[in-house]
Amino acid sequence: MTETMRVRFAPSPTGFLHVGGARTAIYNDLLARGADGVFILRIEDTDRERSDEAMTRQIREALAWLGVEWNEGPHLQSERLARHRERVEELAAAGHAYRAFETPEELEALRRAAEAEGEKFRYRESASPLSSEEVERRRSSGAPYVVRFRMPVESVAIDDMVRGLVDYPPDAMDDFVLLRSDGSPTYHLSVVVDDIDMGVTHVLRGEDHLPNTPKHIGLFRAFAAAEPRFGHLPLILGPDRKRLSKRTGATSVEEFRAQGILPQALYNFLALLGWNPGDEREVMTRAELIEAFTAERLNDSPAVFDAEKLSWMNAQYLSSLPLEEVLHHLEPFLEPAGLAGVDRERLAVAVDLHRSRPRTLVELAESVAPYFADGIEWNRETCARFLAEEGLADDLEELARRYATVEPFAKEPLEELLRAQAEELGQKAGYLIHPLRMALTGVKAGPPVFDVVEVAGRELATSRLAAFAAWLRAGV
RNA sequence: GUCCCCAUCGUCUAGCCAGGUCCAGGACUCCACCCUUUCAAGGUGGCAACACGGGUUCGAAUCCCGUUGGGGACACCA
């Protein structure tokens, strides 16, 4: 019986959920689900100033929308302060921690001095540490102090799930702070205490945490706790090959959501940004991803975020997902497109007809709007060729008259009728087809016209044809 | 600056650990054609890469060293 895998995703609630964080969450999701493990959500909100409840909710909603499932939490790190302090006391009692009285100014001076020597300043307990009497004396005199970890002076090797063996030399670490002078625990302490208490077995996080790992390992050992397996994911870069930032485009899950990206598409796309199944599949459901996922195939070089490919992926889902699902996700985009109270059954038909074209839900809503609008606008530029066609207005009016009585109002008879009329006129069918589409939708391209006419319905089709004919005449 | 990580088409990547089957495969983008009196979707084809220099080897995209380039981290922030 092997132990249950327990992973955690531990964002700090300092804003919207970043796609980098989202991807980390996705890989943890994949890892846990594939092993029948437990996914713990923990909010690292120890930096009180920058955190608030709204942001925490924001993160939960973004994860839920994305389809990442957590089994435990969210735990709030801020609610575990007492536990964190208690653990520092244990550390101190066992000789793994000590008080240090340097002021921030003194530390700054030491740092500058080291730098002047071309060295990197690392705080280590001085060769002649303060006697316990001296510590007591300073403390009772009210001098502020921090509690530092007595980091063993030895190299630390990390067997990283994605990078293999990574070595840190002894002087890469220092006696980092555990408790600030106001008594609050630092990040390093909190994470390790929480990971131990929550029984975390695998830590899969961003590469920016790699240099912290030897420190964390030092703490795990001091606590005599089992070390989890670590894995460090390369960062996501922007088109400028720099860390993804708002300057080069959308970066948060909620922005993509607002742009009309489907959660399935974002999940799939992010999962493929730094991992692949080893075969040539790309469009994969979460279930398929879970089935195929192994940490061994995680990439170790950073990836540039390609918004273009995300768009393509989104289009794939837009046209292949069950219609009901698309409709469900389209709901929030209805109102902005003026489709708020529209008949859902007709909407479903129109969406199904159009959904293989747009790349986003925003575009999908817009493309379907003409079926429900009172009237539409025609653009003189795009209609130039129709405007120049003499007699076209008359012919379209004739078409409208015939469409007013055709039975049934369905695409086959609709097409036959139009072709017959074109033949009478000695014209090709395209002569009527193109202006017909323009008349109904206001755009020059779209689904097959007769489908469009059928979905539009007799009343809308005939009246819009008449209105377009009138507009053409007025334009000439 | 110091420490750590990384390096295949413009981008995401397969191949690298177990060297030959790779004049390097797939996908996005772009182009052409097929389908379609439109536009998508779909299909077919095309353009496009092993960063550089040394080794090791009969043979290197694959192993080793170096260079260059990119990224990350160096707090009483997380």
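Throughout, protein chains are lettered first and strands after them, A, B, ... in sequence-line order, and every chain is numbered starting at 1. Hydrogens, waters and symmetry mates are skipped; everything else that's a heavy atom, side chains included, is used. The structure presented is a predicted model; accordingly, all values stated were derived computationally and were not measured.
The separation between A/Leu364 atom CG and B/A41 atom C1' is 14 Å, rounded to whole Å. The nearest whole Å value for the distance from the CZ atom in A/Phe9 to the C1' atom in B/A78 is 13 Å. Rounding to whole angstrom units, CZ of residue A/Phe176 and P of B/A78 are separated by 13 Å. A/Asp300 places its CG atom 14 Å from the P atom of B/C16, with the value rounded to the nearest Å. A/Glu415 has its CD atom 12 Å from the P atom of B/U36, to the nearest Å. Whole-Å rounding puts the A/Arg148 CZ to B/A75 P distance at 10 Å. What separates CG of A/Asn299 from C1' of B/C17 is a distance of 14 Å, to the nearest Å. The separation between A/His434 atom NE2 and B/U38 atom C1' is 5 Å, rounded to whole Å.
Residue-to-nucleotide contacts include no donor-acceptor pair under 3.5 Å from the side chain of A/Ser12 to the base of B/A78. At a cut-off of 3.5 angstrom, counting only N and O atoms as typed in the model, there is a donor on one side and an acceptor on the other between the side-chain of A/Ser181 and the base of B/C76.
Judged as a ring-ring contact (aromatic ring centres under 6.0 Å, His included), and not counting sequence neighbours, the contacts of A/His354 are A/Tyr371. The salt bridge (Lys or Arg N to Asp or Glu O under 4.0 Å) test applied to A/Arg163 returns A/Glu207, not counting sequence neighbours. Scored by the ring-ring contact (aromatic ring centres under 6.0 Å, His included) test, A/Phe333 finds no partners at all (sequence neighbours excluded). With sequence neighbours excluded, no residue forms a ring-ring contact (aromatic ring centres under 6.0 Å, His included) with A/His434. For A/Arg8, the salt bridge (Lys or Arg N to Asp or Glu O under 4.0 Å) test picks out A/Asp195, with sequence neighbours left out. Applying the side chain to side chain contact (heavy atoms under 4.5 Å, CB included) test to A/Asp208 and every residue at least two apart in sequence or in another chain returns A/Leu235, A/Arg243. Partners of A/Phe293 by ring-ring contact (aromatic ring centres under 6.0 Å, His included), not counting sequence neighbours, listed by chain and number: A/Tyr27, A/Trp275.
Residue A/His188 is in base contact, counting any heavy-atom pair closer than 4.0 Å across all strands shown. Contacts of A/Arg297 with the nucleic acid, taken as non-hydrogen atoms under 4.0 Å apart, involve only primed sugar atoms and P, OP1 or OP2. Contact annotation for A/Ile433: base contact, defined as any heavy-atom pair under 4.0 Å involving a base atom. As judged by a 4.0 angstrom heavy-atom cut-off over every strand, A/Asp167 is placed among residues touching the sugar-phosphate backbone only. Within the nucleic acid shown, A/Gly278 has no heavy atom closer than 4.0 Å to any nucleic acid atom.
Using Watson-Crick or G-U wobble geometry with both donor-acceptor distances under 3.5 Å, B/A49 finds no partner in any strand shown. In this entry B/C33 has B/G43 as its Watson-Crick or G-U wobble partner, both defining distances falling under 3.5 Å. Pairing for B/G1 is with B/C74, a Watson-Crick or G-U wobble pair whose two hydrogen-bonding atom distances lie under 3.5 Å. Remark: B/A27 base-pairs with B/U11. Criterion, Watson-Crick or G-U wobble with two distances under 3.5 Å. Pairing for B/C22 is absent, judged as Watson-Crick or G-U wobble with the two contacts each under 3.5 Å. Look at B/G59: it lacks any Watson-Crick or wobble partner with both distances under 3.5 angstrom.
B/C16 and B/U21: their C1' atoms are spaced 16 Å apart (whole Å). Between B/A61 and B/G55, the distance separating the two P atoms is 15 Å to the nearest Å. Atom C1' of B/A49 sits at a distance of 15 Å from the matching atom of B/U62, rounded to the whole Å. Between B/A75 and B/G15, the two C1' atoms lie 43 Å apart (nearest whole Å). Going from the P atom of B/C74 to that of B/U56 covers 42 Å, rounded to whole Å. For the P atom pair drawn from B/C23 and B/A41, the interatomic distance equals 34 Å after rounding to whole Å. Between B/C63 and B/G19, the two C1' atoms lie 8 Å apart (nearest whole Å).
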**Asked** Could you go step by step and tell me if A/Tyr187 and A/His209 meet the ring-ring contact (aromatic ring centres under 6.0 Å, His included) rule?
**Response** CA-CA 11 Å; A/Tyr187 163 77; A/His209 287 293; 5.7 Å; yes
**Request:** Take A/Asp194 and A/Arg42, measure what side-chain contact (heavy atoms from CB on, under 4.5 Å) needs, and give me the verdict at the end.
**Result:** CA-CA 9 Å; A/Asp194 287 351; A/Arg42 188 172 73 217; 3.3 Å; yes
**Request:** Under the side-chain contact (heavy atoms from CB on, under 4.5 Å) rule, what do A/Leu399 and A/Leu465 come out as? Steps first, then yes or no, please.
**Result:** CA-CA 8 Å; A/Leu399 181 63; A/Leu465 225 25; 4.1 Å; yes
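The stretch residues 262-270 of chain A has no heavy atom under 4.0 Å from RNA chain B, so no residue of it qualifies as close. In the region residues 154-166 of chain A, proximity to RNA chain B at under 4.0 angstrom, judged on heavy atoms, holds for A/Arg163, A/Val166. Taking every heavy atom of residues 445-452 of chain A and every atom of RNA chain B, pairs under 4.0 Å involve A/Ala445, A/Gly446, A/Pro447, A/Pro448, by number.
Taking the six-membered ring for Trp and thresholds of 30 and 60 degrees, A/Tyr123 and A/Tyr98 have nearly parallel ring planes, at less than 30 degrees apart.
Close to B/A14, at under 4.0 Å from its OP1 or OP2, lies a side-chain N or O of A/Asn276.
In this structure, A/Glu227 pairs ionically with A/Arg221, as a charged nitrogen and a carboxylate oxygen lie closer than 4.0 Å. Looking at A/Arg402 and A/Glu398, a side-chain N of the basic residue comes within less than 4.0 Å of a carboxylate O on the acidic one, giving a salt bridge.
Side chain of A/Gln77 to backbone of A/Ile43: no donor-acceptor contact under 3.5 angstrom is found. A/Asn314 contributes a side-chain N or O that, together with a main-chain N or O of A/Leu262, makes up a donor-acceptor pair within less than 3.5 Å.
Here B/C6 is the nucleotide among B/A41, B/C3, B/C6 with the atom lying nearest to any side-chain atom of A/Ser301. Comparing B/A41, B/A78, B/U38 against the side chain of A/Arg437 picks out B/U38 as the nearest.
When each of A/Pro169 and A/Tyr431 is assigned the nucleotide of RNA chain B with its nearest heavy atom, A/Pro169 is the one assigned upstream, toward the 5' end.
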**Message:** For a quick check, with a 4.0 angstrom heavy-atom cut-off, what is the B/S/- contact string for nucleotides 61-74 of chain B, read 5' to 3'?
**Reply:** ---------SBSSB
**Prompt:** What is the per-nucleotide protein-contact pattern of nucleotides 26-32 of chain B, from the 5' end, where B denotes a base atom under 4.0 Å from a protein heavy atom, S denotes such proximity for sugar-phosphate atoms only, and - denotes neither?
**Reply:** BBSS---
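Aromatic pair A/Tyr317/A/Phe269: ring centres not closer than 6.0 Å. Aromatic pair A/Phe220/A/Phe149: ring centres not closer than 6.0 Å.
The environment of CD in A/Glu291 is sparse: at most 12 heavy-atom neighbours from other residues, nucleotides or ligands sit within 6.0 Å.
Nearest heavy atoms, A/Val368 versus A/Leu347: CG1-CD1, 3.7 Å.
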